[in-house]
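All values reported here derive from a predicted model rather than from experimental measurement.
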Amino acid sequence: MNKIVLLSTDGSLSEKIVVTIVVSVAIWTGWVHMVGLVLAGDFYLLRNGACVIPIMAWGVLRYLYARPAACPAPMAYVQTNPVFLKTDYWVLLVSIFIVVIVDQLKLYIPNFRLVLLWLAAVFVLGVGWWQHRSIPMAKEWPVPEVVSSTMERILYGVLIVLAAGMVYAVRYYDPDDQVYLKLASMTLDNPERALLSWNGQPWPGDFPLWPFVFRLHAYELLVALVASLFDVEPIVIAHQLFPPLFGALIVMAQGMLLRHLIPKEWLAGLILTVFFLVSVGGESFYAWAVYSFIQIHFGKAILFSVMVPLLFLLASRFMLTGHHRDWLLLSLAQIAALGFSSSALFVATSATGVSLAAHWQFNRVSTGRLLMGLGACWYLVACGLLIKLNINLHMEGVGDYPRALNFMKVFGSGPHLWLYLTALLGGWTLVTQPQLRRYLLGLALFFFLVILNPLLHDFLMHNLTGGISLWRLYLALPLPVIAAIAVVSLLTPWKERLGLNLAWVLFVLCGVVLALSMSGQWRGAWSSLLPVFFVSLLLLVWYRLGGGVRPAMLLVALPTLLAFLLHFDPSNTGRRTTLHEMGRTRYQWTPGYKMPEQEYKVAQHIVRIAPAGDSVLAALDLVPWVPTLRHAPGLVALEAVLLNVLQVYLEPQGPQERHSLLEYISGIRRPERPTLRLQEALSFYRIGLVAVSLTNPWLEEIASVLDTAGFRRQDYLGFRLWVKGDGVLR
C-alpha cells in the first residue's frame, strides 16, 4: 500500500516552498478580487484583511499535506510491445528535415511556412499517436523511489543561488514597466479610493483603468502592500526584493517538473534546462529564455517560467492519480497564475488543457478525469466571462495580423528554432519509458492541434487573446524542459554507439565551422553554433569517461555550470545568448533598479521639483519612468499607443496635439508653428515643468519660449529642466 506523496518523489524542501508560495498567492488573489471587484473596497480594507491570509494558507497546506495511512495501490506496470520501445529514427529524421525546410523558408511566404509546418507536424505526430494508443497509463507514475545524493543536493543548491544572483545582477528595462509599477504607486498615493478603479493620470479628469483586465492583477498590489510595510518606493520591492526570489523559484519549479518526469536524471535535465535558458534565445526577445532570468520582474514572466511548469506538473499528477488534493492544488495554481498576469486567462488554461489531454485515453476513467481537470479552470473561466462583459476583444484589423509573425517572435531562427522545434517534433522518440514517451508525444500533438493551428488563429485573436498577444500562447508549453529531456534521453547507455557517433559528427562539423569563423569567414557563426558544440562535447566526455547514468550526470553538471559562468560575461557583447549585452540588457552587482539609471534619476528629480497641481511636458526618454514614482505629477503626453487608446477621454484632437508636442520636445519632429503651439500649450495644459534633452536640435527655440514665459532653467544629467514661476530648483 502506498502513501500519498503530494508532488515530488522525496518531499523536498524546495517543493514545500513552491507549494506554500502558490497557495498564499492564490488566496491573496482571491482576496484582491473580492475587495476590488465585489466590494469596491480600498487599500485599507485590502491591507487589514490580509492578516488572515497566512492563517488560511496554513490551513490549506495542512489539508494538502495530510497523508492518510494508505491509499489504493497503483495499477500494475504493464510492459508494452517492444516495438513501441524502439527509437523511431524515421520520425526523428523527418522532424529534422521539417525544421530545415521551415528555417530556409523564413523569408518566403511566412504564412505558408507556418501552414507547411503544421501539416507536416500533425501528420508525423498523428501517426505516432496512433501507434502508441495502446500504452496504458498507471494510476501513479511508475518510477522507483530516488533519494538525492549529497553531491546532487549541492549542485541543486548552487543552481538556485546562481539563478537568484543572476536575476539580481541583470538590468533589463522595458517601457512597459511603467504600466505595472504605476498600479502600485497610484494605489499607495490614493489608499482611500476603490482598488484599481481609475487610470492614475490627473488629466483631463478621472477615467477608468485601461485595460480593464488589469483589475485582475494581484501581484502589483502585493508589491504595494510590501512597500507600505517597509515604507519604501514600490520599485524597491518590484526590482530588488522579489526578482531574486522568483529567480530561485524558476529553478525549483522546473526541477519539480523534471523530478516528476525523469526522476533518475532530473538534475541533469534541470542543469541543461538552465543552460538552454541562458545560452539559447538571443535571436528573440519574446522567447522562453527572456521571460525567465531577464524579465522576471514582470508578472507575466513569473507566469511563463514558474507557473506554466507547475501547471503541467499538477495537471499530469491529477490525470495519473485522480486525487482530490491534486485537483485542489491545480485549481489554486490557476488562481495564483491569474494573480501574476491577466494573460493566465488563456495561457494557464491552455497549459492545463494540453497537459491533461496528453494523458487522455479512449476510456471512461481517463475521459472523466480530463473533464474534471478542465473543471479546475473554473475561476479563470468565470473571470474571462467577466472581462468579456466589460470589454470587446474583437479589434479592427486583427485578422490581417500576420499569423507567422507570432510564431517567429517566439521560435526565432538559428539554434533557437533548431533546438526547440526538433525537440518538440521528435524528442519523444528518444525516450524509452513508455508512459513518458506517450506523454511527450501527446504534448506535441495537442500543442500543434490547438495552439499552433493556423486555422484557429483568427478565432483565438478575435475572441481570446487579441491580435498582438497571440504569441503568448506559444509560451504555454515548457519547451526548454522538453528539450532537456530529449538530450538526457539521447545520453542513455543503451544508445551508446549512436550517441557516440553523433557526438563525433557534431564535434567535427562544429569545429570546422568555428575554425572558419575565427579565420574571418562565416563571421558570427561561432556564437550561433556554440550550444551545439557544447552539447557534442558533453557527449564525448560522457562516453569517454563511462560509468552509469547517475555518475555521468555529474559529468554533465560540472561543465554546464562552467559554461553558465562563461556565458555570464558582461564584457563580451558579440555572443548571441540570452544574457548578452544587446539592446536594453546590462549588468550591475551593486543595488539598483532594472531601468536606465540616468533617466530614472532625472525622473526622480522631476518629481521633487515639479510644482504641485501642474502637469509636466517631458521628453520621450523620461515619459516611461516618471509615472513609476509615488506622488508623480501628470504628464501632458504619453507614448502614441496609450494616447490613441485614451482618446475617448481626451479633448478633441487631443491625441494628435499631445503627441506632436511630445515629438517636438523629444527632438523627433518639428511641427508647424512650433513656438506658438508650445506657448498655447503652457496655459491650456497647465504645464509647470518642461524637460528637454540637451541634444535636442531645437533646444534654443524651445528655450526662447520658456524663458519669455518666466520659467527658470536648470541642467541636470544631460537634460535641461524649466520650472514655472517660483518653483524650487534643488
Side-chain angles (χ1 to χ4, degrees), residues 22 25-38 46 174-184 186-187 194-200 208-224 238 242 246 286 291 295-308 310-311 331-353 376-395 398 406 451 460-476 641-642 645:
V22 168
V25 172
I27 298 175
W28 166 257
T29 301
W31 175 237
V32 168
H33 294 168
M34 174 64 71
V35 173
L37 298 177
V38 179
L46 182 73
D174 192 319
D176 286 348
D177 208 10
Q178 63 138 323
V179 179
Y180 304 108
L181 283 175
K182 186 177 71 173
L183 297 179
M186 73 181 192
T187 300
L195 288 176
L196 303 182
S197 60
W198 79 106
N199 189 269
L209 178 66
W210 182 90
F212 184 81
V213 291
F214 281 178
R215 298 198 66 178
L216 299 177
H217 285 213
Y219 178 67
E220 289 76 18
L221 294 179
L222 179 62
V223 170
F242 281 173
F246 288 106
Y286 295 91
Y291 285 103
Q295 288 197 11
I296 196 62
H297 55 292
F298 288 98
K300 59 177 177 283
I302 302 173
L303 167 66
F304 296 139
S305 58
V306 177
M307 298 309 301
V308 165
L310 286 177
L311 290 172
S331 299
L332 292 174
Q334 298 270 343
I335 300 173
L338 181 59
F340 287 118
S341 174
S342 56
S343 296
L345 289 172
F346 50 89
V347 172
T349 51
S350 299
T352 301
C377 304
W378 63 273
Y379 193 89
L380 273 64
V381 173
C383 291
L385 293 176
L386 174 65
I387 296 299
K388 190 66 175 177
L389 293 175
N390 285 272
I391 63 174
N392 186 7
L393 284 174
H394 186 92
M395 295 184 289
V398 73
N406 283 300
I451 297 178
L460 294 175
M461 286 189 291
H462 283 299
N463 299 282
L464 192 64
T465 67
I468 60 176
S469 298
L470 180 65
W471 61 270
R472 298 182 184 182
L473 264 180
Y474 300 161
L475 297 177
V641 175
L642 293 176
V645 169

Enquirer: Taking all heavy atoms of Val308 and all of Phe304, pick out the closest pair and write down the distance.
Expert: CB-O, 3.4 Å
Enquirer: Under 4.5 Å between any side-chain heavy atoms of Phe298 and Tyr291, yes or no?
Expert: no
Enquirer: Can you name the closest pair of heavy atoms from Met307 and Ala336 and give their distance?
Expert: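 Nearest pair, atom of Met307 first, then Ala336: CE-CB, 4.1 Å.
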Enquirer: Identify the two heavy atoms, one from Ala26 and one from Leu332, that lie closest to each other, and give their separation to 0.1 Å.
Expert: CB-O, 3.2 Å
Enquirer: For Leu345 and Gly384, which heavy atoms make the closest approach, and how far apart are they?
Expert: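 Closest pair (atom of Leu345, atom of Gly384, distance): CD2-N, 3.8 Å.
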Enquirer: Is there a side-chain contact (heavy atoms from CB on, under 4.5 Å) between Ile387 and Leu216? Walk through the geometry before answering.
Expert: CA-CA 9 Å; Ile387 296 299; Leu216 299 177; 3.8 Å; yes
Enquirer: If I take atom CG from residue Leu195 and atom NE2 from residue His33, how far apart are they, to the nearest 0.5 angstrom?
Expert: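 Separation between the atoms: 10.5 Å.
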Enquirer: Please work out whether the ring planes of Phe246 and Tyr219 are parallel, tilted or perpendicular, with thresholds of 30° and 60°.
Expert: perpendicular
Enquirer: Say you draw a straight line from CG of Leu37 to CG of Leu196; how long is it, rounded to the nearest 0.5 Å?
Expert: 8.5 Å
Enquirer: Enter the distance from Leu221:CG to Leu183:CG here, rounded to the nearest 0.5 Å.
Expert: 7.5 Å
Enquirer: Which of these, Thr29, Val381, Leu380, sits in a side-chain contact (heavy atoms from CB on, under 4.5 Å) with Gln334?
Expert: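 Testing Gln334 for a side-chain contact (heavy atoms from CB on, under 4.5 Å) against Thr29, Val381, Leu380 leaves exactly one candidate, Leu380.
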Enquirer: Kindly say whether Phe346 contributes a backbone atom to a donor-acceptor pair with the side chain of Thr349 at under 3.5 angstrom?
Expert: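 Yes, the answer is positive, given that a donor and an acceptor are paired below the 3.5 Å cut-off.
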Enquirer: Is the shortest heavy-atom distance from the side chain of Ser331 to the side chain of Tyr379 under 4.5 Å?
Expert: no
Enquirer: How many angstroms lie between atom NE2 of His297 and atom CD1 of Ile302, to the nearest 0.5 angstrom?
Expert: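 One finds 10.5 Å between NE2 of His297 and CD1 of Ile302.
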Enquirer: Please report the interatomic distance OG(Ser342) to CZ(Arg472), rounded to the nearest 0.5 Å.
Expert: 7.0 Å
Enquirer: For a side-chain contact (heavy atoms from CB on, under 4.5 Å) check, start with the C-alpha distance between Leu222 and Phe340, then their side-chain angles and the critical distance, and finish with the verdict.
Expert: CA-CA 10 Å; Leu222 179 62; Phe340 287 118; over 6 Å; no
Enquirer: Can you tell me how far apart OG (Ser305) and CD1 (Ile296) are? Round to the nearest 0.5 Å.
Expert: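 Reported value, rounded in 0.5 Å steps: 3.5 Å.
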